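We use all heavy atoms of the structure for the numbers below, so side chains are in, but hydrogens, waters and symmetry mates are not. Quick caveat, the model's predicted, so the values are computed rather than measured.
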Amino acid sequence: MARDPGVSAVAPPVTNPDASLAVVAVVPRTGPDASATTDLVHRLRDNAPGVDRAGGTLYIAGATAAAIDVAGKLSDALPLFIAIIVILALILLTIAFRSLLVPLKAALGFLLSVAASLGATVWVFQDGHLNGVLDIPSAGPVTSFLPVLLIGVLFGLAMDYEVFLVSRMREHHEQTGSAAEAIVHGVARSGLVVSAAALIMVAVFGGFVFNHDPIIKSIGFALSFGVLVDAFVVRMTLVPAVMALMGRRAWGLPHWLDRVTPDVDIEGAKLPRRAPAGQGDRDAEGTEDAEDVKGAESAEGGPDDRDGRREAVGVHGSG
């Protein structure tokens, strides 16, 4: 091991009392976050077959090796994690909006927000830009669990903003049938809500940027930048523009998919419409007047009975 170009020093072996276990400390020439250190760990593990043939077992342990293993596991699981999230979002949004293009647009916008946030985080914390402004001690790789945390949190917020905005559009489109008016109505009714919610989350996450721990600082920066991009660039700018380009096609489903998609009336479009203000009171007063007239007629015996009584009086008088 001492002859490996990536090894700086090798400590003497330390054994247990029966000499069945030996611990050898290896000091690499590079830092724990360097790619050369990762390559060194892999090269040392490649010696495991030779140790097995000699009757022993080789283990590479320590904080650096553990961090490399965790990063590798998370990196391998990240594509599956993203695929599951996107597929579930497509299914749920398709059922909610009974549309195929709207869920696709929402998923692509989410991926765009994640890519923008990770790109900005790498540009600042790994490439060393804005170190003085953000008080970053030194440039270095971002922590391995940051992408998983960012994707999970940003997915929930992005889908919230999407549902707030697009549900108003669909509600108006179901009532009027106008795709252009639905976009204007949706942005006017839900735009302030989305903007206020996004600014609150940006302020909350941005507060962690002032922490002195580089890991916490990078997490706060990534989340605040991701929410800012998703809310104001993707949802408030790109979503209305893409919806305007798609027009009425945005609210359609293929016939084969329409037959198998459950019909969930989330917006309550199929509920009976409310009567205009004051009309219900007038209808109630009209009903009461009709009931009063009917009661009076019943007490007098009705129109025919009154005519019969008048005829009887006339005959009696003639007699």
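Test V86, I82, I87, L88 against I84 for side chain to side chain contact (heavy atoms under 4.5 Å, CB included) and you get one pass: L88. Shown are T64, T30, I68; of these, the side chain to side chain contact (heavy atoms under 4.5 Å, CB included) with T38 is made only by I68. Checked against K217 for a side chain to side chain contact (heavy atoms under 4.5 Å, CB included), the options F208, F210, F125 give a single hit: F125. Looking at V204, L154, I200, V153 one by one, the single match for side chain to side chain contact (heavy atoms under 4.5 Å, CB included) with V227 turns out to be L154.
For S224 (side chain) and F221 (main-chain N/O), a donor-acceptor pair under 3.5 Å exists by modelled atom type. Side chain of R168 to main chain of G191: no donor-acceptor pair is present (N/O by atom type, distance under 3.5 Å, no hydrogens or angles). A donor-acceptor pair is defined here as one N or O able to donate and one able to accept, closer than 3.5 Å; no such pair exists between the side chain of S113 and the backbone of G226. Formation of a donor-acceptor pair under 3.5 Å by the S99 side chain with backbone atoms of A250 is found in this model. No side-chain donor-acceptor contact under 3.5 Å links R98 to the backbone of L93. Side chain of N47 to backbone of V51: no donor-acceptor contact under 3.5 angstrom is found. Side chain of D127 to main chain of H129: no donor-acceptor pair is present (N/O by atom type, distance under 3.5 Å, no hydrogens or angles). In this structure, T37 contributes its side chain and G31 its backbone to a donor-acceptor pair below 3.5 Å.
A distance of 7.5 Å separates CD1 in I219 from CG in L223, rounded to the nearest 0.5 Å. The CZ atom of F110 sits 9.0 Å away from the CZ atom of R235 when rounded to the nearest 0.5 Å. Note that the CZ atom of F97 and the CG atom of L92 stand 11.0 Å from one another [nearest 0.5 Å]. Note that CG of D52 and OG1 of T57 are 5.5 Å apart. Values are rounded to the nearest 0.5 Å. Between the CG atom of L104 and the OG1 atom of T94 there is a distance of 7.0 Å, given to the nearest 0.5 Å. For the atom pair CD (E171) and OG1 (T176), the distance works out to 10.5 Å, reported to the nearest 0.5 Å.
Contact check for P254 versus L100: side-chain heavy atoms found under the 4.5 Å cut-off. V166 places a side-chain heavy atom less than 4.5 Å from the side chain of V102. Looking at heavy atoms from C-beta onward, L149 lies out of side-chain contact with T143 at the 4.5 angstrom threshold. You'll find the side chain of V70 stays beyond 4.5 Å of the side chain of F145, heavy atoms only.
Clustering ILVMFWY residues whenever any of their side-chain heavy atoms sit less than 4.5 angstrom apart, transitively, puts V10 in the very cluster that holds L44. Transitive grouping of hydrophobic side chains (ILVMFWY, heavy atoms separated by less than 4.5 Å) keeps V242 and L108 in distinct clusters. Placement of V122 and L150 in two distinct hydrophobic clusters is found when ILVMFWY residues are connected by side-chain heavy-atom separations under 4.5 Å, directly or transitively. If you chain together hydrophobic residues whose side chains sit under 4.5 Å apart, F205 and W123 fall into the same group. There is a path of hydrophobic side-chain contacts, each under 4.5 Å, that joins I151 to I215.
In this view, R248 satisfies the salt bridge (charged side-chain N to carboxylate O under 4.0 Å, His left out) rule with no residue, not counting sequence neighbours. Residues meeting the side chain to side chain contact (heavy atoms under 4.5 Å, CB included) test with S8, sequence neighbours left out: V27, R29. For R249, there are no salt bridge (charged side-chain N to carboxylate O under 4.0 Å, His left out) partners at least two apart in sequence or on another chain. Scored by the side chain to side chain contact (heavy atoms under 4.5 Å, CB included) test, A71 finds S144 as partners (sequence neighbours excluded). Residues that satisfy the side chain to side chain contact (heavy atoms under 4.5 Å, CB included) test with L199, not counting sequence neighbours, are F232. Looking at residues two or more places apart in sequence or on another chain, you find a salt bridge (charged side-chain N to carboxylate O under 4.0 Å, His left out) between K105 and E162.
Aromatic ring pairs are classed by plane angle as parallel below 30°, tilted from 30° to 60° and perpendicular above 60°; the pair H172 and H185 is parallel.
Nearest heavy-atom pair across W251 and M169 is CZ2-CB, 3.9 Å. Closest heavy-atom contact between R45 and A65: NH2-CB, 4.1 Å. Taking all atoms of both residues into account, the shortest heavy-atom contact from S190 to F164 is OG-O, 2.9 Å. Heavy-atom minimum distance, L40 versus G6: CD2-O, 3.5 Å. Listed here is the closest heavy atom pair of L165 and G186: CD1-O, 3.8 Å. T261 and I95 get closest at one heavy-atom pair: CG2-CA, 4.1 Å.
The neighbour count for F81 CZ, taken as heavy atoms of other residues, nucleotides or ligands under 6.0 Å away, is above 12. The number of heavy-atom neighbours closer than 6.0 Å to CG of L245, taken from other residues, nucleotides and ligands shown, is above 12.
Side-chain contact of T121 with S218: a donor-acceptor pair under 3.5 Å is absent, judged by distance alone.
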Let's go through D230 and V233 carefully: what are the C-alpha distance in whole Å and the side-chain angles of both, what is the deciding distance for side chain to side chain contact (heavy atoms under 4.5 Å, CB included) to 0.1 Å, and is it a yes or a no?
CA-CA 6 Å; D230 187 85; V233 177; over 6 Å; no
